[in-house]
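Inspection log for the structure reproduced underneath, given as structure tokens.
Chain identifiers are assigned alphabetically (A, B, ...) following the order of the sequence lines, protein sequences preceding nucleic acid strands; residue numbering begins at 1 within each chain. Values below: every heavy atom of this structure, side chains too, minus hydrogens, waters and symmetry copies.
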Number of protein chains: 2
Amino acid sequence: MTVRGVLLDLDGTVYHHDNPLPGAAEAIDRLRERGLSLLFFSNNPLYGGEEYVDRLQSLGVDARPGEACSSAVVTQEYVDDNHAGDDVFVIGSASIRDRIARGAANVVAEPRDADVLLASWTDEFHYDDMVDALRALDTGTIYLGTDPDPTFPGPDGHPVPGTGAVLRAITGVTEREPDRVLGKPSEVAIEAALDRLGRDPEEILVVGDRIGTDILLGERAGMRTALVMTGVTDDATLSASDVKPDHVLDSLADVETLLE
Amino acid sequence: MTVRGVLLDLDGTVYHHDNPLPGAAEAIDRLRERGLSLLFFSNNPLYGGEEYVDRLQSLGVDARPGEACSSAVVTQEYVDDNHAGDDVFVIGSASIRDRIARGAANVVAEPRDADVLLASWTDEFHYDDMVDALRALDTGTIYLGTDPDPTFPGPDGHPVPGTGAVLRAITGVTEREPDRVLGKPSEVAIEAALDRLGRDPEEILVVGDRIGTDILLGERAGMRTALVMTGVTDDATLSASDVKPDHVLDSLADVETLLE
């Protein structure tokens with residue numbers, strides 16, 4: 001196959017928090033010199049695409065407008081496309097709530113009014129949110145999540161709960177699984193990536209550190225996949241996984257070895 | 001069979017919040033006139049046995065010292081018997097934390113120090129508790145819960161999250177199921193009930209409103225079981241359940257119809 005587009009995860013692949021990973025910026029420069037389409041795609045639901053472009057540039061990575069996407073972006077697009085005019089109750093950060101409110105749906109303050117419950121990451125998740133989730137999901141309400149990541153590395157490197165933990169807490173009390181979880185590896189995320197990259201799936205290489213999101217997305221979509229060992233996945237996790245990447249790289253710095 | 005002891009659930013069986021259920025106090029008087037051993041057993045982990053005796057008396061129910069038990073009581077006994085001197089990190093109410101601290105184990109403030117994580121109901125459950133659970137359960141720690149009830153009826157009659165919801169939230173982020181959940185229908189609760197009633201299982205009638213705790217406890221222990229329809233269980237839930245009570249009563253007021 002000839003690679004014509006690269007779908008790049010961010011945290012754990014290009015940087016860790018505020019620190020670019022060694023060789024990542026240079027590797028991206030070389031991908032760009034080959035004329036490849038690039039898309040940076042984070043499952044972090046706190047920020048939008050242009051915020052990620054700014055962030056990457058501030059870290060010395062040559063990212064350009066329109067080249068970044070996130071679970072927040074695909075969630076907003078999905079809600080606008082499918083729930084325009086619907087009443088949405090949000091459990092999550094002010095950031096995702098504001099983003100949805102700027103779109104075509106109505107964000108409501110009363111869970112019993114909800115047509116849709118949207119749940120996302122917030123470090124203010126509280127018992128009262130579980131009460132609200134019970135109220136919102138009592139009848140016919142659609143239940144959406146921004147992304148499935150159960151944990152992510154906290155500032156001290158130890159894992160902290162992610163959106164997936166919030167979703168499971170809600171499922172635990174309501175006994176309802178989400179109807180859709182919208183970040184990687186969802187179909188919605190695959191469509192968003194293909195639209196932005198403008199390439200066929202078999203021309204795309206996915207590079208990421210998380211088997212259940214980055215690599216699974218690539219496998220589902222028929223893309224080539226490369227796992228980098230600079231993030232959450234260790235050898236034991238890789239060995240135990242049913243999902244197998246096509247390639248395993250020490251880091252993004254080695255990505256060029258996969259290109260002819 | 002001849003019934004010689006009756007194990008009675010409280011909320012939904014004898015009372016709803018501060019309201020005794022119609023005929024409940026009189027039914028208990030008649031059980032007492034027959035010379036039966038009585039034990040009131042709540043899965044609510046906020047209160048101890050003597051608090052329940054006081055509460056029942058204040059509602060006009062003839063409950064006597066030593067006749068009440070709760071998930072908090074069996075949890076405290078279990079921790080004292082099995083974890084004397086161990087470091088216990090508690091996620092739950094101040095009430096359960098204080099109860100454990102008064103016993104033979106050490107309640108610790110740092111989750112990484114924990115030999116045991118004990119999780120229970122608290123309406124202050126927060127994201128930071130999920131972070132603490134991740135820290136506490138990283139290696140070799142025993143994970144206990146006070147009781148399994150996912151919801152209970154709130155003050156307005158609508159369900160609110162119970163200890164079971166807290167346990168599932170913790171399991172969702174840590175991917176660890178509790179090693180033991182100590183209220184009804186656990187083996188620990190069965191032993192506690194048999195000790196207090198002083199009767200053989202086949203001489204005991206369990207009366208309660210919850211299939212998964214009251215009726216399941218009776219089924220596991222070889223007791224006779226009666227479901228009352230004054231609490232959380234409706235006809236649809238009963239029909240859908242694999243656990244079947246021996247008897248279904250409109251309310252505790254009818255319990256005498258089961259006795260010869």
With chain B, which of A:Gly154, A:Gly172, A:Pro161, A:Ala169 has the greatest number of heavy-atom pairs at distances under 4.5 Å?
A:Pro161
What distance separates A:Leu8 CG from A:Phe41 CZ, expressed to the nearest 0.5 Å?
12.5 Å
Closest approach of B:Pro148 and B:Val181, non-hydrogen atoms and distance?
N-CG1, 3.5 Å
Result for side chain to side chain contact (heavy atoms under 4.5 Å, CB included) between A:Ile142 and one of A:Val116, A:Leu117, A:Leu118 points to A:Val116
Taking the side chain as C-beta and beyond, is there a heavy-atom pair between A:Ile91 and A:Pro111 under 4.5 Å?
no
Do you know which of B:Ala133, B:Pro159, B:Gly164, B:Gly162 has the most heavy-atom pairs with chain A at a distance under 4.5 angstrom?
B:Pro159
Full working for side chain to side chain contact (heavy atoms under 4.5 Å, CB included) between B:Leu7 and B:Leu217
CA-CA 10 Å; B:Leu7 177 55; B:Leu217 178 144; 3.7 Å; yes
Scan chain B against chain A and return every donor-acceptor pair whose distance is under 3.5 Å.
{"residue": "B:Trp121", "atom": "NE1", "partner": "A:Tyr127", "partner atom": "OH", "Å": "3.2"}
{"residue": "B:Phe125", "atom": "O", "partner": "A:Tyr127", "partner atom": "N", "Å": "2.7"}
{"residue": "B:Tyr127", "atom": "N", "partner": "A:Phe125", "partner atom": "O", "Å": "2.7"}
{"residue": "B:Tyr127", "atom": "OH", "partner": "A:Trp121", "partner atom": "NE1", "Å": "3.2"}
{"residue": "B:Tyr127", "atom": "OH", "partner": "A:Pro161", "partner atom": "O", "Å": "2.5"}
{"residue": "B:Arg135", "atom": "NH1", "partner": "A:Pro159", "partner atom": "O", "Å": "2.9"}
{"residue": "B:Arg135", "atom": "NH2", "partner": "A:Pro159", "partner atom": "O", "Å": "3.0"}
{"residue": "B:Pro159", "atom": "O", "partner": "A:Arg135", "partner atom": "NH1", "Å": "2.9"}
{"residue": "B:Pro159", "atom": "O", "partner": "A:Arg135", "partner atom": "NH2", "Å": "3.0"}
{"residue": "B:Pro161", "atom": "O", "partner": "A:Tyr127", "partner atom": "OH", "Å": "2.5"}
{"residue": "B:Arg168", "atom": "NH1", "partner": "A:Gly172", "partner atom": "O", "Å": "2.5"}
{"residue": "B:Arg168", "atom": "NH1", "partner": "A:Glu175", "partner atom": "OE2", "Å": "3.4"}
{"residue": "B:Gly172", "atom": "O", "partner": "A:Arg168", "partner atom": "NH1", "Å": "2.5"}
{"residue": "B:Glu175", "atom": "OE2", "partner": "A:Arg168", "partner atom": "NH1", "Å": "3.3"}

Apply the test side chain to side chain contact (heavy atoms under 4.5 Å, CB included) to residues A:Ile170 and A:Leu137: give CA-CA distance (whole Å), side-chain angles for both, the deciding distance (0.1 Å), then the verdict.
CA-CA 10 Å; A:Ile170 291 172; A:Leu137 290 182; 4.3 Å; yes
Residues B:Ala221 and B:Ile190: closest non-hydrogen pair is CB-CG2, 3.7 Å
